[in-house]
S.K.: 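Take a look at this one; I'll ask things after.
We name chains A, B, ... by the order of the sequence lines, and we start the count at 1 in each one.
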There are 2 protein chains.
Amino acid sequence: MLPTITWDNDRVILIDQRLLPTEEIYLECLDYIQVAEAIEEMAIRGAPAIGVAAAYGVALGVNKVKESDDLEEEFERILVRLGDTRPTARNLFWALERMKQTFDNHKHLALPELKHGLIQEAIAIDKQDVETNKKIGYWGRGLIQNGQNILTHCNAGALATAGYGTALGVIRAAYEQGKKIRVFADETRPILQGARLTCWELDRDGIPVVLITDNMAGYLMKIGRIDAVIIGADRIARNGDTANKIGTYSVAVLAKEHSLPFYVAAPLNTIDFSLANGDAIPIEERNPEEVKKLAGQCITVPDIEVHNPAFDVTPAEYITAIITEKGVAKPPFTQSLASFKG
Amino acid sequence: MLPTITWDNDRVILIDQRLLPTEEIYLECLDYIQVAEAIEEMAIRGAPAIGVAAAYGVALGVNKVKESDDLEEEFERILVRLGDTRPTARNLFWALERMKQTFDNHKHLALPELKHGLIQEAIAIDKQDVETNKKIGYWGRGLIQNGQNILTHCNAGALATAGYGTALGVIRAAYEQGKKIRVFADETRPILQGARLTCWELDRDGIPVVLITDNMAGYLMKIGRIDAVIIGADRIARNGDTANKIGTYSVAVLAKEHSLPFYVAAPLNTIDFSLANGDAIPIEERNPEEVKKLAGQCITVPDIEVHNPAFDVTPAEYITAIITEKGVAKPPFTQSLASFKG
């Protein structure tokens, strides 16, 4: 399995996803600020992976605290910095909240024990994420039929998580059952997570994958080449409205137009039960240079105006089912998701 | 106005659209084979521009014929080579048919007169295309309201024609009326005609333009940022089914979902009255390297499978109106387009 991120002897090691698949280089983070920068700059991305990285970031930050430091103040600084990296992924805030709880539970102990407790908690979050993805795969694989062509957008794979993947976890589980499936991977501009990461992951595992540009999905559906869509999620409101990589909403509309099932695969910690619907999910606007440049070269008029939202929200009515580690939620999601809670 | 292509002293000069906007370099074609290669390799592209280039190619080819050559045989060779470049654009075959008619009408004359006749015919096709686009602009501008945000896909501008443009001709005409409009340009992977050509053209003319990736259009429609869609066409069946750059169909589905008008702007020589509907329009599959590489660099696993259709067909039911030089055709298009014929 791919080592997306690991705790190794007071360091956090992560594969630099900006360079894949051309270069396979590991990044070493020695403090929480380096982890925060790795999240911001998308060296690590994907909601569950961001959550795990943030947990390790907290552990790394507290691990550097000295007896003479103001512990509470330093902890607050760490939380704020890590929480300030990317606004959309629910898992980031979920992981920070869980680390805060662990901090609160352990802060009466001696500093070395607190440090140990936080490191153990981060490692537990990491390990649990892989187990969760295996469960998502187990529940989801029954939705994939032998011989199907599955469209996915962005990368909701091993690289987007601690391992195995959410959407790609379901695909892996179906493939491991012996189902003959073929994945169509949207390249996913501007960052090309589909072309760079999904193709790389699936190709390594021997799962057949065909790369297309984002604007080809509709045509392929129209000529009957796609049987189902499965994607991951960055934040899901309690009614099922789902924020995911920009372009997901377009794929959902196209799936509806062609009467194709549209599945979301995500752990329960991606669900934001505080939000009644997706309207309040913050959508990150990223640097225009991501759109204007490709492989370091400008592909347009240098000073042209650019819009670069990183995510969109797919309303629940476009979603056939949400696959979680506790089972497959069907509409109405307000009820089905609530039944999986806690 | 942009000099997309010109006849100059027994040569054809065209701006190399593969290098725009980074480099503004003109390509000199000295024989018809160079013109055919320029079309194949997309140094010149856009259905009307391909038609004009093919007409010049024929003129160039015949211009080189010697008294000792077999005129009919040589003419046939020229037509076959130029017709074999790209299968989808109707205007290519329309232009070749018109040049064949001119050839048939002039072949009884002395060779110098035949050559002169064909050159004059190609120049006439070139000039008429600009006039046609101005008329399309005149008829279409009434469909654009002051203050609107208009989405376009690919480049149906001056560069896709002999000048002024079809879809961008309508936008230019509305802008020249003093309407405050803003264009959202899909970057249009894999060749990036939107990012490279549409942004460049509109920016030169001072028309406000915002660049987005193809997968952002749905989200922008959902949040109310798009008021109408206008695109060009490569071939239109007599019922209105429209082949255009890959991704157009997806935009049409999204426009329908958001109840937005979806306009096609094209000259009547883009209409293939021999086709009852779009099912028989040939869809060109291009080199996978176009998807795998960007600015010369591989953006994915080098040996990954790729699907690279260059066009898709948008069924007539998604189209609000087809803007031609004879007026605006409304559904049912079989009737309205037929009334413009001949």
S.K.: Work out which heavy atom in C298(A) is nearest to a heavy atom in T22(B); give both atom names and the distance.
M.R.: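 Scanning both residues, the minimum pair turns out to be O-OG1, 4.1 Å.
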S.K.: At under 4.5 Å between heavy atoms, what parts of residues 188-199 of chain A are in contact with chain B? List them by residue number.
M.R.: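 Near chain B, by residue number: T188(A), R189(A), P190(A), L192(A), A195(A), R196(A), C199(A).
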S.K.: Heavy-atom distance under 4.5 Å to chain A: side chain of I283(B), backbone, both or neither?
M.R.: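 The side chain, not the backbone.
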S.K.: Hey, what do you get for CD1 (I299(A)) to CD (E187(B)), rounding to the nearest 0.5 Å?
M.R.: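 Separation between the atoms: 5.0 Å.
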S.K.: Can you list everything that forms a side-chain contact (heavy atoms from CB on, under 4.5 Å) with N146(B)? Sequence neighbours excluded, please.
M.R.: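 Listed in chain order: K179(B), K180(B).
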S.K.: Between L202(B), L254(B), I212(B), which residue shows the highest count of heavy-atom pairs closer than 4.5 Å to chain A?
M.R.: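 Most pairs with chain A among the choices: L254(B).
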S.K.: What residues of residues 308-320 of chain B make heavy-atom contacts with chain A at a cutoff under 4.5 angstrom?
M.R.: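 Under the 4.5 Å heavy-atom cut-off, N308(B), P309(B), F311(B), D312(B), V313(B), P315(B), Y318(B) qualify.
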S.K.: Between I304(A) and chain B, which part of the residue has a heavy atom less than 4.5 Å away: side chain, backbone, both or neither?
M.R.: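 When you check distances to chain B, only side chain atoms of I304(A) fall under 4.5 Å.
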S.K.: For K256(B), is it the side chain, the backbone, both, or neither that has a heavy atom closer than 4.5 Å to a heavy atom of chain A?
M.R.: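 For K256(B), the contact with chain A is made by the side chain alone.
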S.K.: Please determine, among I246(A), T248(A), V253(A), the option with the most heavy-atom pairs under 4.5 Å with chain B.
M.R.: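 Highest number of heavy-atom pairs under 4.5 Å: I246(A).
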S.K.: Run through D214(B), V291(B), T213(B) and flag the one making a side-chain contact (heavy atoms from CB on, under 4.5 Å) with T213(A).
M.R.: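 Considering D214(B), V291(B), T213(B), a side-chain contact (heavy atoms from CB on, under 4.5 Å) with T213(A) is found only for V291(B).
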S.K.: Measure L220(A) against the heavy atoms of chain B and call it side chain, backbone, both or neither at under 4.5 Å.
M.R.: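 Just its side chain gets close to chain B.
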S.K.: So Y219(B) and H307(A), would you call those rings parallel, tilted or perpendicular, with 30° and 60° as cut-offs?
M.R.: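 Taking H307(A) first and then Y219(B), their aromatic rings lie parallel (interplane angle under 30°).
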S.K.: Check V210(A), V209(A), L211(A) against E305(B) for a side-chain contact (heavy atoms from CB on, under 4.5 Å) and give me the one that passes.
M.R.: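 Only match with E305(B) under side-chain contact (heavy atoms from CB on, under 4.5 Å): V210(A).
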S.K.: For the candidates A217(A), P302(A), G218(A), which exhibits the highest count of non-hydrogen atom pairs separated by less than 4.5 Å from chain B?
M.R.: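 Most heavy-atom pairs within the cutoff with chain B belong to G218(A).
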S.K.: Is N215(B) close to chain A through its backbone or its side chain, or both, or neither, when contacts mean heavy atoms under 4.5 Å?
M.R.: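 When you check distances to chain A, atoms from both the backbone and side chain of N215(B) fall under 4.5 Å.
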S.K.: Distance check, rounded to the nearest 0.5 Å: M216(B) atom CE versus Y249(A) atom OH?
M.R.: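 With rounding to 0.5 Å, CE (M216(B)) is 16.0 Å from OH (Y249(A)).
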S.K.: Select all residues of residues 221-237 of chain B having any heavy atom within less than 4.5 Å of some heavy atom of chain A, and report them by number, or 'none'.
M.R.: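 Expected list: K222(B), R225(B).
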